[in-house]
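Here the structure comes first, spelled out in C-alpha cells, and everything after it is commentary.
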Amino acid sequence: MTLRIYNTLTRQKEAFKPIDSKHVKMYVCGPTVYDSAHLGNARPVVVFDVLYRLLTHLYPKVTYARNITDVDDKIIKAAKKNNESIDTLTKRTTDKYHQDMAALNALSPDIEPRATQHIQQMIDIIKILIDKGHAYAAEGHVLFSVKTDPNYGTLSGFDKDQIISGARVEVAPYKNDPEDFILWKPSTDAMPGWESPWGVGRPGWHIECSAMAKAYLGETFDIHGGGIDLVFPHHENEIAQSSCCNDGKKLANYWMHNGHLGVNGEKMSKSLGNFFTVSEKLSEIPGEVIRYVLLATHYRQPLDWTGDVAGQAKNILDKFYNALDGNERQVVDINSGLLESLQDDLNIPLALSHLHELVSEIHKTGDADQKNKLQNELRVSANLLGLLYQDPHQWFKSAQGQAIEAGEIETLIQQRRQARADKDFALADKIRDELTAKGVVLLDSSDGTAWRYK
RNA sequence: GGCCGAGUGGCAGAGUGGUUAUGCAGAGGACUGCAAAUCCUUGUACAUCGGUUCGAUUCCGGUCUCGGCCUCCA
C-alpha cells in the first residue's frame, strides 16, 4: 500500500508522489511567539509529528521545516503590555514552546527558521514581485495585487469578488484594490524595522513562509501543512506570492490541514475563557495523555476537549503500558495493520485500534516468546505514533500530584505483608484502603506485592 | 449573505451499499483471602424528510442543528 493524502488543493485523497523519492520535503506553519502555546496550537504539531515519523519510515530522507514567527504586530503589542523587550519576549516564548512540544514527545523539525533572520530573503521576493508587476509600493507599504494572479483562490475556493463582499474590515486607502494584501509595511521607531527599498519597515504576515520555504525547501516542495484556519488568507496568500515570484511554479504539491480544537463544544478562544495552554494541562496530566487525546480523533475532524477525554486516554495508556510490562526488547516489524491505517491519509484512530488488538493478543497467548514478540510489536508500532516510549515502571510511578512517598508506601506494604501472614485480613484491607485513598494501587502476586500510582 | 466541514450506541470515535469497528464507562461471570490486572458474556447506534436501489447509516436532493473561514488578526 502506498501513502495516500487528502489534498486541500483538490479536496480529495490522492496517492502521494514525492518530487524526489529519495528525499521528501515538508513545511508546517509554526507559532507566532507572543504567548504560550495552547492546545489548539499543539494539535498540528502532534499530527504532523506523526506524519514526519511515518515519512521517515517510508522514505530514505525527509526534511521537515517549521518556522518561528518572531516578528508580528501581536508580538509588539504583547511586549508593550508585558513591559519587556521584544527579544526577551520572543526568546522566552520560543523556549517555552520547545519545552511544551517536547513534553508532548514531538520531534524537533530538521529546520526551524526564524522570520527575523530571513528579512533579506523576504525583501528579495518582494522586489521580484514588484518587477513582475504583481506588487506595488504605496505610502511606505508594499501590496500584492491580487487581480494579477489568475489562480488566486484555488486553495480556499473563494472567489476574488466574494472575498470583499463579506469583508468586515475597512479598506486601507493605500490599496489599489480592496483584496490586496500587505507584503511590507512601515515601522515607527518603537517598532522593529529593517532597511528596505521602501523605507524602514517590517514584513507582512504571509511573506515569511514564502521566503523561508524557498530558502530551505526550494521553489516547489512536497507537503505544506497547518491548521484549517490558515487556508485563508495565510496559505492562499503564500501560494500567490510564491508562485507569482517563481514563474507560476506550484509552492507545494500537497496541502494538509488539521481541524480545529474546541472545548466543551465551543470554539477555544480567549474571550470565552475556555483557553487551555499546553503547560497548564501538563501540570495536571502527563504529556503522553495529551498526545493521545490529540491523536485519537482523525486529524481533519474537529476535536472537542470535553471533561473526561483525558481520563479515558489515561485509562487506555495504563492498559497499554500494563501489556508492555516485563518486555525484553528485540527488533520486530511495525504492525502491518497500523502501518496501512497510517498510510490511508493518516488514519490514526484506526491505527490505535490495531494497538488494542495487539494488547488483546499479548494477554491471550500462552507462549512466552510469542508474547515477548507481540509486546515488541506493540511498542515499536506505538512508537511510530510517538506513544509508549517510556518504560512501564516509569509510567506507573510518575503520576502527577502524588500524595505519599515511595518510602512510606514500602513501609505500609511491609506492615500489610505481616498482617496477611498473620491472617489479619481486616488490617491488611485497612492498609490497602488507606493507600487506595492516596492514589496507590497494590498488586498482589506470588512474588509479593508491587505498587503503582493510579 | 458566500465558501467549506460535520451530525454515529451513556461517552470517545473509525468505517461501510447488504456481514463485529475499536475503545472508555456500566452490568453479569471466572480468577483473587480482599483487590488490581486479565479472560468470558452483555448492550443491535448511525439528525430529519424524500429519492435511487432487491436492500442505505453509507449514494442523490431538501430540511434542521452545530462548527470553521470570509485579510493584514481580538
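Letters A, B, ... are given to chains in the order of the sequence lines, protein chains preceding strands, and every chain is numbered from 1. What you see is a predicted model, and the numbers here were worked out from it, not measured in a lab.
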*Give A:Arg452 one of three labels, base, sugar-phosphate or nothing, depending on what nucleic acid heavy atoms sit under 4.0 Å from its own.*
nothing
*Distance in Å, A:Leu317 CG paired with A:Leu324 CG, rounded so as to fall on 0.5 Å steps*: 11.0 Å
*For A:Val231, report the nucleic acid contact type (base, sugar-phosphate, nothing); a contact means any heavy atom under 4.0 Å.*
nothing
*Under 4.0 Å between a Lys/Arg side-chain N and an Asp/Glu carboxylate O for A:Lys281 and A:Glu284?*
yes
_Set of residues satisfying side-chain contact (heavy atoms from CB on, under 4.5 Å) with respect to A:Asn41, sequence neighbours excluded_ = A:Ala37, A:His38
*Between B:G43 and B:U20, how far apart are the P atoms? Round to whole Å, please.*
13 Å
*Side-chain-base donor-acceptor pair under 3.5 Å for A:Asp429 and B:G33*: yes
_Within residues 291-301 of chain A: residues closer than 4.0 Å to RNA chain B (heavy atoms)_ = A:Ala296, A:Thr297, A:His298, A:Gln301
*Earlier contact from the 5' end, RNA chain B, for A:Tyr6 and A:His363*: A:Tyr6
*CG of A:Leu350 versus C1' of B:G23: gap in Å, rounded?*
12 Å
*A:Ala428 or A:Leu143: which one's nearest nucleotide on RNA chain B is closer to the 5' end?*
A:Ala428
*Would you indicate what A:Asn347 reaches in the nucleic acid, counting non-hydrogen atoms under 4.0 angstrom: base, sugar-phosphate, or nothing?*
sugar-phosphate
*Could you give the NE2-to-P distance, from A:His257 to B:G68, as a whole number of Å?*
17 Å
*With a 4.0 Å cut-off, would you call A:Asp424 and A:Lys430 a salt bridge?*
no
*Starting at CG of A:Leu303 and ending at C1' of B:G5, how long is that distance when rounded to a whole Å?*
15 Å
*Check ion pair A:Asp177-A:Lys147 (N to O, under 4.0 angstrom)*: yes
_Whether A:Arg291 and A:Asp49 form a salt bridge (side-chain N of Lys/Arg under 4.0 Å from carboxylate O of Asp/Glu) is what I want to check._
yes
_Lys/Arg N to Asp/Glu carboxylate O, A:Asp369 vs A:Lys373, below 4.0 Å_ = no
*Mind checking the C1' distance from B:G7 to B:U58? Whole angstroms is fine.*
14 Å
*Checking all strands, does A:Ile316 fall into the base, sugar-phosphate, or nothing category for heavy-atom contacts under 4.0 angstrom?*
sugar-phosphate
*Rounded off to whole Å, could you give me the CG-to-C1' distance for the A:Asp433 and B:C34 pair?*
9 Å
*For atom P, what is the distance between B:A35 and B:G17, given to the nearest Å?*
47 Å
*Determine the Euclidean distance between corresponding P atoms of B:A27 and B:C66; express it in Å to zero decimal places.*
36 Å
*asked:* If the threshold is 4.0 Å, N to carboxylate O, is there a salt bridge linking A:Asp444 and A:Arg432?
replied: yes
_Base, sugar-phosphate or nothing for A:Arg416? Non-hydrogen atoms, less than 4.0 Å._
base
*Specify the separation, in whole Å, of atom CZ of A:Arg11 and atom C1' of B:G68.*
12 Å
*Identify whether any heavy atom of A:Asn322 sits under 4.0 Å from a base atom; if not, whether one sits that close to sugar-phosphate; answer base, sugar-phosphate or nothing.*
sugar-phosphate
_salt bridge (Lys or Arg N to Asp or Glu O under 4.0 Å) involving A:Asp73 - partner list, sequence neighbours excluded_ = A:Lys185, A:Arg202
*How many Å lie between NZ on A:Lys371 and C1' on B:C39, as a whole number?*
13 Å
_Whole angstrom value for the distance that separates C1' of B:G23 from CG of A:Leu338_ = 15 Å
*Grab the CG-P distance between A:Asp229 and B:G5 for me, whole Å please.*
17 Å
*For A:Lys319, report the nucleic acid contact type (base, sugar-phosphate, nothing); a contact means any heavy atom under 4.0 Å.*
sugar-phosphate
*asked:* Using a 4.0 Å heavy-atom cut-off, does A:Lys430 contact any base of the nucleic acid, only the sugar-phosphate backbone, or nothing at all?
replied: nothing
_Looking at A:Asp73 and B:C73, is any side-chain donor or acceptor paired with a base atom of the opposite kind under 3.5 Å?_
no
*Select base, sugar-phosphate, or nothing to describe what A:Leu352 touches, counting heavy atoms under 4.0 Å on all strands.*
nothing
*What distance, rounded to whole Å, do you find between the two C1' atoms, one in B:A47 and one in B:C64?*
8 Å
_Using the C1' atom as the point on both nucleotides, what is the distance between B:U57 and B:U16, in whole Å?_
9 Å
*Can you tell me, in whole Å, how much space there is between the C1' of B:G26 and that of B:C11?*
11 Å
